[in-house]
*Asks:* 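Let me give you the structure first, and then I'll get to my questions.
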Amino acid sequence: MDISSKPGPAMIFRQLFDSVSGTYSYVLASRPGGEALILDPVLEKVDRYCQLLRELDLKLVKAVDTHLHADHVTGLGELRDRTHCMTVMGDQTKADVVAMRVADGDKVTIEGLSLDVMYTPGHTDDSYSYLMGDRVFTGDTLLIRGTGRTDFQNGSSRAQYESIFNRLLKLPDETMVFPAHDYKGDTVSTIGEEKRYNPRLQVRSVDEYIELMANLKLPNPKMMDVAVPANMRVGLHQEELEKEGRALSAVEAIRSLHRPDILLVDLRETNERMKHGMLEGALHTPYPSVEESLKPGGMLREVAAATGRRVVFFCAFGERSAMAVAAAKDAGLLNTAHIAGGIDAWKKAGGPIVH
C-alpha cells in the first residue's frame with residue numbers, strides 16, 4: 001500500500017504482516033532506488049523483505065525494533081547478516097548489542113526521511129514510538145482499539161498511561177496510527193479515532209487505567225520463552241575478529257592514540273558524534289558509505305594505500321566496525337582492525353573524548 005505523505009510524493013511505504021504472531025512490519029524509503037528502513041521485522045519473513053527490497057531496488061540501511069518482542073523472534077540479526085544494515089533499538093533495551101541506541105528526542109534518519117524518536121514505556125521498559133510527518137509507529141504501546149499489555153518485561157500501567165495520554169494522544173487527531181500488532185485485521189487508525197473509540201482510553205484517571213489493565217488476566221504469549229532470550233542476543237559475535245588479530249581492546253586502542261601508523265575511522269552518524277563525543281584525529285566516514293569508500297578510488301582505500309597506515313574502525317558498540325572490517329577484507333584491504341566494544345568500551349576504559 002502506498003500512501004502519499006509529507007516527506008514527499010515518491011515515498012515508498014509498505015505494511016507487511018506475519019499472520020502467526022499478528023505482527024506488522026513497515027518498510028520505508030523516500031524514493032525507488034534509495035535507502036530503506038524497516039520497523040519490527042520478523043525472522044520468518046526475512047526472505048520476503050529481501051525479495052521486496054530487490055524488487056523495489058532499495059538498499060536497507062537500518063532495521064529498527066520498537067521494543068524487545070515476546071511473541072516472535074526479531075529479524076534484526078538476520079537482516080544485518082544479509083544486508084549489512086545497522087540495527088537500532090532504544091537506550092533501555094536488554095538486547096546484548098545493537099549498532100545504534102536511541103533516546104527520546106533523537107532522530108532516526110535515512111536518505112530523504114527522518115523519524116522522531118519518542119520514549120513511550122509501559123508495555124515494556126524499552127518501548128519506543130517513531131513519529132514521521134503524518135503517521136506514528138506505536139509499537140505495542142497504542143494498538144488499534146487496544147493497548148499493549150503491561151504485566152511482564154518491566155511493564156507498567158502507570159508508565160503506559162503517561163506515554164499514551166501525555167505523549168501519543170497529544171499528537172494531532174489526524175495523525176495515522178500504525179501499530180506493531182493487530183489480531184482483528186485492522187491495519188491503520190488515527191489518534192482522533194483512538195481517543196473516541198478505543199475502549200481502554202475511556203478512563204477518567206490513571207488509577208482507573210491501572211485497575212483496568214490489572215484485570216485483563218491474559219495468558220503469556222506462546223513464543224515468550226523462546227522469543228525473549230533469542231531477541232536479547234542479536235549482537236554480532238566479535239570474538240572471531242579477536243582471534244584473527246583484527247580487534248583492539250579499548251585499552252590497546254587508547255595506547256595507540258596518535259600513533260603515526262594508525263588511522264582511526266569513526267563510523268557513527270553526525271548526531272551520535274555530537275551527543276557522545278569524538279576521538280581526536282579520527283576520520284569520519286558514516287557506516288552506510290564505508291563500502292563505497294573501500295572500493296578502488298574510494299577515499300579510505302586511497303588514504304590507506306598512500307600512507308601505509310593501518311585503518312582502525314570504531315563505532316558506538318563495535319557492531320558497525322566489525323562489519324566494516326569484514327567489508328574491508330572483501331574489498332581486499334587486509335590491514336584493518338576495529339575497537340572492540342566501540343566508544344562505549346573506550347569511555348569505560350577512561351579514554352579521552354573530544355566534545
Side-chain angles (χ1 to χ4, degrees), residues 1-7 11 13-19 21-26 28 39-40 64 66-67 69-71 90 104-105 113-153 155-219 221:
M1 95 196 228
D2 262 26
I3 301 174
S4 65
S5 160
K6 287 173 189 169
M11 178 179 139
F13 177 82
R14 293 289 186 279
Q15 182 180 44
L16 298 134
F17 187 59
D18 173 50
S19 55
S21 61
T23 304
Y24 285 125
S25 306
Y26 302 91
L28 313 170
L39 278 156
D40 289 326
V64 183
T66 51
H67 62 288
H69 294 283
D71 54 4
D104 190 68
L113 293 178
S114 178
L115 281 70
D116 293 315
V117 179
M118 301 173 71
Y119 182 39
T120 51
H123 170 61
T124 62
D125 59 355
D126 69 342
S127 288
Y128 277 77
S129 299
Y130 293 87
L131 176 66
M132 187 182 72
D134 61 359
R135 65 201 64 197
V136 61
F137 302 95
T138 53
D140 284 6
T141 301
L142 177 60
L143 304 176
I144 298 172
R145 308 299 190 265
T147 57
R149 61 192 296 171
T150 56
D151 56 342
F152 58 79
Q153 283 184 270
S156 160
S157 302
R158 184 176 296 279
Q160 190 174 63
Y161 179 92
E162 291 295 320
S163 296
I164 293 172
F165 283 85
N166 294 327
R167 298 295 305 276
L168 294 172
L169 297 188
K170 295 277 200 282
L171 295 172
D173 277 4
E174 62 274 17
T175 307
M176 288 183 282
V177 173
F178 288 101
H181 288 95
D182 191 86
Y183 309 100
K184 305 174 299 299
D186 290 327
T187 56
V188 61
S189 181
T190 66
I191 291 293
E193 255 182 72
E194 292 310 308
K195 278 183 189 171
R196 286 191 294 279
Y197 305 119
N198 189 321
R200 292 199 191 159
L201 306 187
Q202 310 311 311
V203 291
R204 289 182 297 276
S205 68
V206 63
D207 292 332
E208 203 176 311
Y209 185 75
I210 290 168
E211 189 183 350
L212 183 151
M213 297 303 286
N215 290 313
L216 293 178
K217 306 283 188 285
L218 298 168

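Just the heavy atoms: all of them, side chains too, but no hydrogens, waters or symmetry mates, feed the values below. All of these numbers come straight from a predicted model, not from anything done at the bench.
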*Asks:* Given side chain to side chain contact (heavy atoms under 4.5 Å, CB included), test L131 with T175 step by step and report yes or no.
*Replies:* CA-CA 9 Å; L131 176 66; T175 307; 4.3 Å; yes
*Asks:* Ignoring hydrogens and geometry, is there a side-chain-to-backbone donor-acceptor pair from N198 to G146 under 3.5 Å?
*Replies:* yes
*Asks:* Decide yes or no for Y128 and V64: does some side-chain heavy atom of the first lie under 4.5 Å from some side-chain heavy atom of the second?
*Replies:* no
*Asks:* Look at atom CZ of R158 and say whether more than 12 heavy atoms of other residues, nucleotides or ligands are closer to it than 6.0 Å.
*Replies:* no
*Asks:* Verify, without hydrogens or angle tests, whether E193 (side chain) and D173 (backbone) share a donor-acceptor contact under 3.5 angstrom.
*Replies:* no
*Asks:* If I compare all heavy atoms of M11 with all of R135, which pair ends up nearest, and what's the gap?
*Replies:* CE-NH1, 3.7 Å
*Asks:* Enter the distance from Y197:OH to I144:CD1 here, rounded to the nearest 0.5 Å.
*Replies:* 15.0 Å
*Asks:* Walk me through it: do D104 and R167 pass the test side chain to side chain contact (heavy atoms under 4.5 Å, CB included)?
*Replies:* CA-CA 11 Å; D104 190 68; R167 298 295 305 276; 3.1 Å; yes
*Asks:* Suppose we call two aromatic rings close when their centres sit under 6.0 Å apart. Are Y26 and Y130 close by that rule?
*Replies:* no
*Asks:* In terms of heavy-atom contacts, does CD of E211 have more than 12 from other residues, nucleotides or ligands at under 6.0 Å?
*Replies:* no
*Asks:* Does the Q160 side chain pair with the main chain of P121, one donor and one acceptor, at a distance under 3.5 Å?
*Replies:* no
*Asks:* Can you tell me how far the OG atom of S157 sits from the CG atom of D151, to the nearest 0.5 Å?
*Replies:* 8.0 Å
*Asks:* If you compare all heavy atoms of I164 against all heavy atoms of Y209, which two are closest, and at what distance to 0.1 Å?
*Replies:* CD1-OH, 3.9 Å
*Asks:* Has the side chain of Q15 got a donor or acceptor atom that lies under 3.5 Å from a matching backbone atom of T187?
*Replies:* yes
*Asks:* Are the side chain of S25 and the backbone N or O of D40 linked by a donor-acceptor pair below 3.5 Å?
*Replies:* yes
*Asks:* Could you measure the distance from the CE atom of M118 to the OG atom of S127? Nearest 0.5 Å is fine.
*Replies:* 12.5 Å
*Asks:* Does T120 reach the side chain of L142, with side-chain heavy atoms less than 4.5 Å apart?
*Replies:* no
*Asks:* May I ask you to decide if T141's main-chain N or O and T138's side chain share a donor-acceptor pair within less than 3.5 Å?
*Replies:* no
*Asks:* So does G122 get a backbone contact from the side chain of S163, meaning a donor-acceptor N/O pair under 3.5 Å?
*Replies:* no
*Asks:* Under a 3.5 Å threshold, yes or no: a donor from one side chain and an acceptor from the other, between T147 and R200?
*Replies:* yes
*Asks:* If we ignore angles and hydrogens, is there a donor and acceptor under 3.5 Å between the side chains of D126 and T124?
*Replies:* yes
*Asks:* Any side-chain to backbone donor/acceptor pair from H123 onto R149? Under 3.5 Å, distance only.
*Replies:* yes
*Asks:* Under a 4.5 Å cut-off applied to non-hydrogen side-chain atoms, are D125 and Q153 in contact?
*Replies:* no
*Asks:* Taking the side chain as everything from C-beta on, heavy atoms only, tell me whether T66 gets closer than 4.5 Å to L39.
*Replies:* yes
*Asks:* Indicate the atoms forming the closest heavy-atom contact of L143 with H181, along with that distance.
*Replies:* CD2-O, 3.8 Å
*Asks:* K217 versus N215: any side-chain heavy-atom pair under 4.5 Å?
*Replies:* yes
*Asks:* Can you find a heavy atom in the side chain of V203 that is under 4.5 Å from one in the side chain of F165?
*Replies:* yes
*Asks:* Looking only at heavy atoms, which two atoms of P179 and Y24 are closest? And how far apart?
*Replies:* O-CB, 3.6 Å
*Asks:* Can you find a heavy atom in the side chain of K195 that is under 4.5 Å from one in the side chain of L201?
*Replies:* no
*Asks:* To the nearest 0.5 angstrom, please state how far the OG1 atom of T150 sits from the CG atom of L218.
*Replies:* 9.0 Å
*Asks:* Out of curiosity, Y161 OH to I210 CD1, how far, rounded to the nearest 0.5 Å?
*Replies:* 9.5 Å
*Asks:* For the residue pair I191 and M176, establish whether any side-chain heavy-atom pair is separated by less than 4.5 Å.
*Replies:* no
*Asks:* Checking S21 against D71 for the side-chain hydrogen bond (donor to acceptor under 3.5 Å, both in side chains) test, could you report, in this order, the C-alpha distance in whole Å, the side-chain angles of both residues, the deciding distance, and whether it holds?
*Replies:* CA-CA 6 Å; S21 61; D71 54 4; 5.2 Å; no
